[in-house]
Structure formats: C-alpha cells, structure tokens
Number of protein chains: 2
Amino acid sequence: MCIMKNNKKEIFKGESLKLAEFAKAVSHPARIEILKILAEKNSCICGEIVLEIPLAQSTVSQHLKELKSAGLIAGEIDGPRSCYCLNAEGIAVMRRLFEGLFAVIETDNIKCKC
Amino acid sequence: MCIMKNNKKEIFKGESLKLAEFAKAVSHPARIEILKILAEKNSCICGEIVLEIPLAQSTVSQHLKELKSAGLIAGEIDGPRSCYCLNAEGIAVMRRLFEGLFAVIETDNIKCKC
DNA sequence: TGACTTTATCGTATGTTTACGATAAATGTG
DNA sequence: CACATTTATCGTAAACATACGATAAAGTCA
C-alpha cells in the first residue's frame, strides 16, 4: 500500500537526496569515530572497534551496518570475525557531493539584506 | 533525573559531536534545498521558500528552525513576514569540520587488507 | 566433539524526527 | 476596527533511530 505519511523525501531531486543520505550516515558521533578509527588503524579491524567505542557490541554492529549500507565502509565476514575497512569510492562520492554543496552555499559572494 | 537510556551522544568527544550535529542538520533533502534556494536567490526571502518546497508551510517552518538552531542560517522576524539568509560563519565552521574529516579518511594512502 | 570466541540479528523500549492541520500572533489593508 | 496575510507554534500521528540484552550462527581450539 505504501501510505508513507511521514516520508516525503523521494519528492526531492536526486543529488540533494543522495547527499542527505550521506549526511545521515555521518550524523552520529559513533559513526564518525568509527570512520576515524578505520582510517587511523590503516587496516581492517573487527572487534577492536567495539573496544574503542563506549557502546554495546550490538549497537556498534548496528552502526557498522549503517555505514556499510551507505557505502562508506566495506565489510567482509571471515568466519567468526568480521573485517571492515573504508570504502574509497563511497567516500569520494560523498566528498564530491558535500563539496558541491559547499561551493553552492559559499557565502563570500552573498549579500544578505536582513 | 536525566536517565537518558537512548542518548549516549555526549559520550563522544567535541569535534565528532559537533560534526554529527551539522551532519544531522543537512541530513534531510528539504533542508539542503532550502540552503540552495537561499544561496541562489542571493538574498533573504520568506514565504518564497514554502512555494519552492513541496511541503506544508508548518513543516518548512520547522526545517527552517532546525537550520537556524544549527547555526547554518539566520532569520529575522519582521512583522508578519520573516527573512532568512545563510549564516556565513556557521557554514564556514561546518565546512572546516567536514573537510577535517575528509582529510582524515582520505583513502589514497590506506591499504585495506580485506 | 564440546567449550569458547566473535559478530550479526532479533526483540523491545524509549526517544526523536517528520509531517500535517489548526491556531495564535503580529502586522498591514480597506 | 474588522479582515487578510504571513509565519511560528501547538498538538498529534506515524515512522525512524538508538540502545540494550539475549540469542543465533559460524568458526576456532583443546
């Protein structure tokens, strides 16, 4: 049926929608920390993330899942342990979209009449 | 009392927390569109935003409030009409934080062993 | 094989976001 | 002054996000 009273996001055009999705993916400090940890370690790690983030293991796993579904990280299940790492392409796409927005809302040349 | 079972965001350190707040502010396409409209018009407008965004007036007003409380726009109530414009300082702060993150998670030099 | 480790997923509680209509507040207009 | 216009706020419903514990799944190791 798809009533969707509270989700009109599809109304908006592609670029803003995609950017909003990336923004949502990084809209929680734990997820930002996870990205930083993965960058800092310069390699894939697994349960080490859980040790560094003061949240329950299941919660961290959930945040990892969100980052993965946003395309910012990649994960490989490898037996009992999982291996996550940054996804260069996804990060590049996000960066391009954000920089596009920043360029548009560059305020140097905007004179506000308020 | 402040039991806060579902809000552990304050646990995280300042920079990630602040970045997450900005990210949340732009995590809805309507809010991104509003920023773009304000930039494009190169001036403060009021109900014109409502005409350009396919959402109810009260909903747009709510989005404007969020952008304002995030520090990305400024608004002046001027009698029956309001006047919003981009907030250069807030946008600059957000940009700096995002670019700091992008620099950290720059993946050119990260070799994934997955 | 049985115990252990590691991680994902399920179930659930609680809080937050998104959306709308209705209404209030502030001001201008006939 | 009554009325229209404009916008914020209130109330509310539905959906989503966040967090946890419990448990399942899939491997390792003694």
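Letters A, B, ... are given to chains in the order of the sequence lines, protein chains preceding strands, and every chain is numbered from 1. Atoms considered below: every heavy atom in the structure, side chains included; atoms not considered: hydrogens, waters and symmetry mates.
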Exercise. Quick one: label B:L64 by what it contacts on the DNA or RNA (base, sugar-phosphate, nothing), any heavy atom closer than 4.0 Å.
Key: nothing
Quiz item: Which is true for A:S82 with a 4.0 Å heavy-atom rule: it touches a base, it touches only sugar-phosphate, or it touches nothing?
Solution: sugar-phosphate
Quiz item: Which atom names give the shortest non-hydrogen contact between B:H63 and B:I34, and what distance separates them?
Solution: CB-CD1, 3.9 Å
Quiz item: Base, sugar-phosphate, or nothing: which does B:E66 touch, judged by heavy atoms less than 4.0 Å apart?
Solution: sugar-phosphate
Self-check item: Salt-bridge present (B:E33, A:K13; N to O < 4.0 Å)
Solution: yes
Quiz item: Does a salt bridge link B:K36 with B:E52, judged by any charged N lying under 4.0 Å from a carboxylate O?
Solution: no
Quiz item: To the nearest Å, how far apart are A:I11 CD1 and C:dA19 P?
Solution: 8 Å
Exercise. Take the protein atom NE2 of B:H63 and the nucleotide atom C1' of C:dT18, then report the distance between them rounded to whole Å.
Key: 6 Å
Quiz item: So, is A:Y84 near the phosphate of C:dA8, with a side-chain N or O under 4.0 Å from OP1 or OP2?
Solution: yes
Practice problem: Using whole Å, report how far CD of B:E76 lies from C1' of D:dT6. | Solution: 16 Å
Practice problem: Apply salt bridge (charged side-chain N to carboxylate O under 4.0 Å, His left out) to A:K68 and list each qualifying residue two or more places apart in sequence or on a separate chain. | Solution: none
Quiz item: Between A:I34 (CD1) and D:dT18 (P), how many Å, whole number?
Solution: 11 Å
Quiz item: What heavy-atom pair brings A:L38 and A:Y84 nearest, and what distance separates the two atoms?
Solution: CD2-O, 3.5 Å
Self-check item: A:T59 vs D:dA19: side-chain N/O to OP1/OP2 distance below 4.0 Å
Solution: no
Quiz item: To the nearest Å, how far apart are B:K9 NZ and D:dA19 P?
Solution: 7 Å
Self-check item: Check ion pair B:R81-B:E76 (N to O, under 4.0 angstrom)
Solution: no
Quiz item: Which pairs, with at least one residue in residues 16-28 of chain B and sequence neighbours excluded, count as a salt bridge (Lys or Arg N to Asp or Glu O under 4.0 Å)?
Solution: B:K18-B:E21
Quiz item: Quick one, which residues of residues 21-28 of chain A touch DNA chain C with a heavy atom under 4.0 Å?
Solution: none
Quiz prompt | 5′-ward residue of the pair A:K65/B:A56 relative to DNA chain C | solution = A:K65
Quiz item: Whole Å only: how far is the CG atom of A:L17 from the P atom of C:dT18?
Solution: 13 Å
Practice problem: May I ask you to verify if any side-chain N or O of B:R31 is less than 4.0 angstrom from the OP1 or OP2 atom of C:dT18? | Solution: yes
Quiz prompt | A:L55 or B:E48, whichever maps to the more 5' nucleotide of DNA chain D | solution = B:E48
Quiz item: Does a side-chain N or O from A:S58 land closer than 4.0 Å to OP1 or OP2 of D:dG21, or not?
Solution: no
Practice problem: Return the value, rounded to whole Å, for the distance between atom CD of B:Q62 and atom P of C:dC20. | Solution: 10 Å
Exercise. Describe the nucleic acid contact of B:Q57 in one word from base, sugar-phosphate, nothing, applying a heavy-atom distance below 4.0 Å.
Key: base
